[in-house]
Structure formats: structure tokens, C-alpha cells
Amino acid sequence: MGGKVVRIALAGEGGQGVQSIAEIITEAAFNEGKEALYCPNFGLEQRGGVSIAFVQIGDSRIGAPKFKTGDIFIALSLRAIKRCRQYIGPETTLVYDSSIVGAEAEVPPNAARVMAIPAIQRSKEELHPRVFNIVIMGAVIGATGVVTMEQAREALEAKLGGKFKQNPDLRELNYRALEMGRDLIGKSGE
Amino acid sequence: MSAAQPVIQPKMPKSWYKSNKPHLFCPGCGHGMVLKALGEAIDELGIQSKAVFGCDIGCSLLAWNFLDVDSTQTHHGRTTPVMVGIKRSRPELITIAYMGDGGGYAIGSQHTVNAAIRNEKITVILVNNTNYGMTGGQMAPTTLPGQITETTPFGRDPEETGYPTRGPEMVAAIASEGAYVARGTVANFRQLKGFIKKALENQIAGRGFSFVEALSVCPTNWRTNARDTWAFLEDKMTQYFPVGEFKVPQVKEE
Amino acid sequence: MASVIEGEKKVFMTGNEVAAWAALAAGADIMFGYPITPQNEVMHYWTRLAPRYGRKFLQTEDEISAGFTTCGGLQAGCKAFTATAGPGNVLMQEPYGMAEAMRLPLLAIIQQRGGPSSGTVVYSQQEVTLTTYGGNGEGHRIVYSTASHQEIYDYVIKGFNVAWKYRFPTFVMGDGYQAKMRESMVMYDPAARGIELVPANPIIGLSGEIGVDRECVHLCNIYSLEEELYEVLQKMEADYQKMTPEVVEYDARFCEDAEIIVVSHGVVSRAGQDAVKILRAQGFPAGYFRPITLRPFPQEALRKAVENCKKVLVVESALNQLQRLVKENLYDVALEVDALAKPAVGIIADEIVARYKEFRK
């Protein structure tokens, strides 16, 4: 990563868990000794609208809390793509879920790279629909390498440890979700 | 009080601040009597040194140095929250919020209502003289129907401006168990003093919100002579504002 | 009092959580508050943390009440504080006025949101004028504009001390971004860093028997004669002026040889600093100036910073509220002033760089 700051924008429908993903990733980066900043959008939209999280991770002090265009932009709904076109620039890798109907027509032509990943479908078929956001988290890590998988697992433990204790199977499920996401995007995280 | 003695030396309560006497209220004003009742109650309860007296804006502000008691003067309608802040910070102090009908029922009504609902352990003494005295006699929430004021020059029309606020009735309805609520009148000093004393005792016992409205007079703005002043207080005001206790805590231990 | 933080602790949390911890570490006794976004979590964390340390909280009926109950707590000798934003900050101007007039050491945490009116619940720098000069007085207040979570912590602790030392209402002003974002910072025990907490003392409800041990206290907040108030205000202004060199704070970088100085405050100064670094790397002699206290304003420092420069670029998330302060303090300096003023939205370094290059032509 060098001295560069990695900028990640996540957008989805309220309840899809984009804020939790941002929180867990930045927490992991912080625990790894990196500088991290996570700024949620929290307008009235938060209630039943598009939820956006701005994440920046680097080696030195982060500047402004938000940014114009991200290095990677993860969109989890059609509305999220439409609402957040402004955050997609010529350096942005756009990742969206392949189940989003009509997504292709909305993809801005200026994105550096566009990837449609079957996160919803695969998590539903092979794991559990509830770990969809962890699959996305794995994809973010796979695409950016902002934190190691080990650190991500620890951050998950910190966030969900209580639930894991009640049901140890959940731990394995979440770890597998994380790996599935990484593999969906390519293996740059380990 | 009979007029038996030929020369009456006014007997001031110990908790009155002597240096500012004679006080600044208009001749015939009722504030002096309410404050006398309060002063005697403070003396009898022996709380002069642990009481904090807060006065509002309006004529009540002229009481800022009336008592030989730690006193603070706030903004219009804001004495209740200031006293709540003091009481919440230092529960051992006995806090007395002193205000008029405008302060307690209009601009500061949200504070009266919410302090009552939260059962704040403070004592509120609200002087009802049916008008805004300090600013020159405008309509107050307590102005009687038909009463002439500077802003109701043809008499208060309830169709336009509603009926007078019945404060103690409202407070009694919303305050919970432990609250003490009464309405006295300067026409019955002994009773008024009893109500104020009970209100203070209720705070000392830590039971709840204590609220006493005192019916009072404003001959300056009413433009009335002594006889008409008293007639208005005793005949007209009490028709709308019945005197008595509206809520008395049930004391268990006795 | 047991220390809230043992030694030092590096954490990753939101600005509102930091503010609550800082108030605890600063020895705050009681918070009065009323819900408004984006300040709410200051109360949320305070209500969870305070009971552990024997501190108190009251949720009042509105911001007017939150401000006045705070004033009451202060008079009674407790380190009382409040937090608010936007329309709540408007309502609190009334109690702030009482605190100014009666020299009460009020501390308020302000998290600016978009305005006017309900605006947005998100972010702005539009409460500068209101917080520095709001009310029907002369703005005898101390206003810190923070840029990071570390500063929220530092200046809340410092704010309590300054308020109780100089007896002017003190504001730690952040914004919705700082309130809600997470970043790392170091919490510490003030004592471990040699910071002594100024003790609180009552001005009413004093100990001792009246007439035996002491006189009673009569606090007055209204005057009959204009001359009386004039005298009070003269003293207040003299005290304020005397205090100014002791509390005024700023950050100036690369100003000596700068052709244009970028002036910004609060969270925008992070972008300001980055922009100046980018410009310098590209060979443009840009300077950076950030007032940390917006009131009192670092007039002397700014005047010194601009001595060799030709232009000033004022950058803020408001329509020229900072610019008015800058112009007032440079009133007789021959300078060109330009602005990047974006009310109620965030500003990033690239935008400042672009504006700088335009302005330079």
C-alpha cells in the first residue's frame, strides 16, 4: 500500500449491513496498527433508504472524512448504484452483486473496472443468506488487501464473539463467508 | 390580624434581607405578603442557610435581594430549570422557584409541566395577579374573561384568547404521588403561609414536586383603589381560581 | 476521585463517544441534554458511563431547559455541561447569554449540522457565527473548533479547565462528521500528563450559617441603570482581552514564503493541510493557517502569517462565516481574499488545490 490511502465506499439498502462491514474492516485495520477512518452517512435516508459508508485506510493520518471517488466501490442494490454514481471515477473498481436486475445499464462508463459477483446467490446456496454481508466484506478485503484475513477473523471475533459462543457453528460459517468473498474477487488478501 | 395596637411596628421575618427594605414593589402589591409568608415559613423550618431562592423576570425579579437567603435571578420563565439544575446537582439544598403567572404558565409553561411530570424535588411559588405587571399590564394566561388589560383593551374575549389557566388544577392532574399542590391567596395570609410551609416540608422530605399558586393583587395595573382591588381578588378571582389544596402526599410513616 | 483512564489507551471510536469519555476524564459531574442529531451519542455514552463514576444525567424537556439546568448546576458548584447541535444550538443561545452575563463556566459540545432551520442532520460549519457571537451580547465566549478525535478529547478537557479558570462559557465545536466517524486517538488520564483539573466551587448555596458565618449571596442578572450594565460589560471586556493571549490557539505552516495562504478551521483544515502539502509538492508556494480558537480569534498570529503573502483563500463548509472573521481581523491589510465556500457539504483536498490554482491566475 505504501503511503497511499485506500478509499472504499460501500452502499446498499438499509439492513444489508454495509455499516457493519465498514466498522469491522476499519476496526481490523486499527488493530493492525494502520490509520483508519470510517464515516457513515446518516441522513434521514438511513431509515429505509440507501446507506453509504466511507472507509479510508492508510499508513499516515487521514485527511477529509469523505472523498470524491473511491478506489473501490461496492454497491449492493440498484438504488445504491444510481444514488452513488458520483463516487465512481476513472480509478474506481465497481463491484456489485450479479443478482441486481438492470445493474449493467446503470454502471457509469468511466469506472476503471467493473466486477459483478454472485455474493447473494452463493451465500444463499452454500452458506446462509444472513452472512451475505460477510461475503461482501471478504470481497472488499480480497480486492484491496487493506487487512489480512487473520486480522479480519479477529475483528469478526471481537464483533460477534458473543454469538459465536452461543453457537460455535456460526464462527465457521462466518469464516467461510469471508473466504468465499475473497475467492469471488480473486486472492489478493492473504 | 386585628387592629388592636395603636402603632404597629412591622415585624420582619428573620430571613428577610433588611438592607433592601422598604422594598421596591408598588404600594398595595401582593408580592410583599407572599414573601412574608415565605419568609416566616423559612424561619419556622430553620432553612435560611440551606435554601436557594430563584426569581424570574417580571415583577418577581424585584425579589432578587428580598430575602436574606442565597438568591439568583434568571430569565423570563427559566427559574424552574435553573432550580432543577441546582437541586439535581446539590440535593441537600432547598430550592425555591419564585415566578409570576406569565413565567410559569406562558413562556415557561413547558418547564412547569415537565418539572411536575418528573416530580422534581423543588418548590415553585407562582404569584397570580392576572396580568403582566412589570411590562405595563398586558394580558396574562390568568387574565379573567372580560378583564381589561393593555392588550385586551375591550376585555379578554375567551373566543379569541381562551379561558384563564388553572395552574394548580393542571399540575395536580399531571404530577405523580408525592407532589404537593395548592392555591392560596394573599387575602388569607395564615392559610397561604401554611400551604407554602407544607410545600417546603414536602421538598425537605424529598417526596416530590411542590407547587403553590398565590392569588395576588396588582392595583397599579388594575387601576383600582383599595376596596376595588380587594373585591376583585376576593370576589372575581376566586370564582375562577378556587383556593385550597389540590394534591397532598400520602405520608406513610406516620 | 478515581481516575477514569489509567495511564494511556489507544482506541478506535466515534467522536461523540470520545466527547463523553473526555467529559468523564475532565471531572464533569452532571450532564443536562436534549436529543438532537448528530449529538445524541454524547448522551448515550454518558448515560452508560456516568453511573460507574458516580456522575449524573438529566434529559430535559428542551434545549432551553438543558441550558438553564446546566446554569443552575454550575451555580451550585458542579461541573455541569451539555451538548447540542443546529436548532438546539439556536435555543441554547438564551442560557448561554445567562452564562455570559453571570460569568458561569458553562461547557457545551456543539456538533454542527446543516442549516438554516432543520437543514440536514449530517454536517456543516454553519454554526460559527451562532456559536461565537450568538445571543444579545458581545460574544464573550471561548470557542474551540476541533479537527480530530484527539482534539475533541484534548479540548473537552482543556475546555472545562479554561471555563472554570476564566469564567466564560466555553464551546468545543465539532460537526456531524466528527461526531459520527470513527478514527483512532489516545485517551489519557489528565493527571498522568501533568494536566491539573481546575476545581469547581459554588457561587450559591454556600456553606455556613447566614448572619453567623457569612452573608447571603444575591446574584443579579438585570440592571436598573445603563451605566451599571456598562460598567459590568467594561470589566467583562477587559477580562476577556486580558485572557485572550493566554487561550488563543492556531496552527500555521509554510506561511513565511507563501504566495497564497489557505485558511480553514475544524475538520476542513484536514483537507486544507493535505491541499497545501500537495501544492507544495507541485512547486506552488502555498501556506496553511488554521484558527483553533474561533473566539477569541488569533488575530495577531494571522496578521503575522499573511505578512509576506498576497492572497488568502478561505475554505469552509459554510457561506463565508469564517471569512467574515478573517476579514474583520485583517481589516486594514491589503490582501485579495477568495473563498471556497460550500455550505453544509464536505470539502476535500483536490477541490482546494483546484481553487488555489484558479485563484493564482
Side-chain angles (χ1 to χ4, degrees), chain B residues 14-15 17-20 24 42 46-55 57 61-95 97 107-118 120 122 134, chain C residues 28-32 34 55-80 82 91 93-99 101-102 104 106 136 200 202-224:
Chain B
K14 178 173 169 289
S15 59
Y17 190 63
K18 311 298 183 298
S19 313
N20 101 316
L24 297 168
I42 288 171
I47 56 170
Q48 182 185 2
S49 295
K50 60 174 184 171
V52 173
F53 177 77
C55 60
I57 289 286
L61 82 85
L62 297 175
W64 73 276
N65 62 349
F66 198 100
L67 298 172
D68 197 5
V69 163
D70 282 0
S71 306
T72 185
Q73 181 250 312
T74 76
H75 288 193
H76 193 25
R78 312 306 174 210
T79 306
T80 295
V82 172
M83 291 299 113
V84 167
I86 292 173
K87 187 72 182 182
R88 290 265 177 173
S89 299
R90 301 259 310 276
E92 76 277 14
L93 298 173
I94 307 303
T95 52
I107 191 168
S109 54
Q110 77 273 40
H111 310 311
T112 307
V113 166
N114 287 283
I117 286 170
R118 291 195 304 260
E120 295 287 350
I122 65 168
M134 178 61 86
Chain C
D29 296 300
I30 186 164
M31 177 185 187
F32 297 95
Y34 184 81
R55 321 290 175 84
K56 299 183 217 176
F57 174 76
L58 176 66
Q59 182 170 327
T60 56
E61 57 274 20
D62 56 24
E63 283 91 351
I64 298 171
S65 182
F68 279 104
T69 45
T70 303
C71 288
L74 297 166
Q75 292 187 348
C78 282
K79 285 194 179 175
T82 188
L91 289 181
Q93 294 305 317
E94 192 195 339
Y96 297 159
M98 175 163 152
M102 300 180 100
L104 304 178
L106 180 143
N136 61 336
I203 57 171
I204 203 165
L206 307 180
S207 58
E209 285 291 305
I210 291 172
V212 180
D213 310 313
R214 67 177 181 100
E215 302 283 294
C216 71
V217 177
H218 287 143
L219 301 177
C220 174
N221 192 20
I222 189 167
Y223 304 91
S224 294

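In what follows, chains are A, B, ... by sequence order, proteins preceding strands, each numbered from 1.
By the side-chain contact (heavy atoms from CB on, under 4.5 Å) test, C/Ala200 is found to be paired with C/Lys79, C/Trp164, residues two or more places apart in sequence or in another chain being considered. For C/Phe32, there are no ring pair (Phe, Tyr, Trp, His ring centres under 6.0 Å) partners two or more places apart in sequence or in a different chain. The side-chain contact (heavy atoms from CB on, under 4.5 Å) check on C/Ile203 picks up C/Gln75, C/Leu104, C/Arg167, C/Leu219, with sequence neighbours excluded.
For a residue to count as touching a neighbouring chain, one of its non-hydrogen atoms must lie under 4.5 Å from one of that chain's; by this rule B/Ile117 does not touch chain C. Contacts between C/Cys216 and chain B at a heavy-atom distance below 4.5 Å involve backbone atoms as well as side-chain atoms. Only the side chain of C/Asp62 comes within less than 4.5 Å of a heavy atom of chain B; its backbone N, CA, C and O stay farther away.
Interface with chain C: from residues 48-55 of chain B, residues B/Gln48, B/Ser49, B/Val52 qualify, criterion being any non-hydrogen pair under 4.5 Å.
For B/Arg90 and C/Asp29, the salt-bridge test fails: no basic side-chain N is under 4.0 Å from an acidic carboxylate O.
With chain B as partner, the option from C/Gly77, C/Cys220, C/Ala66 having the largest number of non-hydrogen pairs under 4.5 angstrom is C/Cys220. Comparing B/Val69, B/Val84, B/Thr80, B/Ile57 by heavy-atom pairs within less than 4.5 Å of chain C, the highest count is held by B/Val69. Ranked by heavy-atom pairs under 4.5 Å with chain B, the list C/Ser65, C/Pro95, C/Gly208 is led by C/Ser65. In terms of heavy-atom pairs under 4.5 angstrom with chain B, the leader among C/Glu61, C/Arg214, C/Glu209 is C/Glu61.
Between B/Gln110 and C/Ile64 the shortest side-chain heavy-atom distance falls below 4.5 Å. With a 4.5 Å cut-off on side-chain heavy atoms, B/Arg88 and C/Ile30 count as touching.
Atom CG of C/Asp213 sits in a crowded spot, with more than 12 heavy atoms from other residues, nucleotides or ligands closer than 6.0 Å. Counting heavy atoms of neighbouring residues, nucleotides and ligands inside a 6.0 Å radius, atom CD of C/Glu215 does not exceed 12 of them.
Two rings, from C/Phe68 and B/His111, have their centers 6.0 Å or more apart.
In terms of heavy atoms, C/Glu94 sits closest to B/His75 at OE2-ND1, 3.1 Å. Closest approach of B/Ser89 and C/Gly73 over heavy atoms only: OG-CA, 3.2 Å.
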Begin with the C-alpha distance, continue with both residues' side-chain angles, and end with the deciding distance and a verdict on side chain to side chain contact (heavy atoms under 4.5 Å, CB included) for B/Glu120 and C/Leu58.
-> CA-CA 11 Å; B/Glu120 295 287 350; C/Leu58 176 66; 3.9 Å; yes
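No side-chain donor-acceptor contact under 3.5 Å links C/His218 to the backbone of B/Asp68. Side-chain N or O atoms of B/Gln73 include one that pairs as donor or acceptor with a backbone N or O of C/Asn221 at under 3.5 Å. Of the possible donor and acceptor atoms, none in the side chain of B/Asp70 sits under 3.5 Å from a partner among the backbone N and O of C/Ile204.
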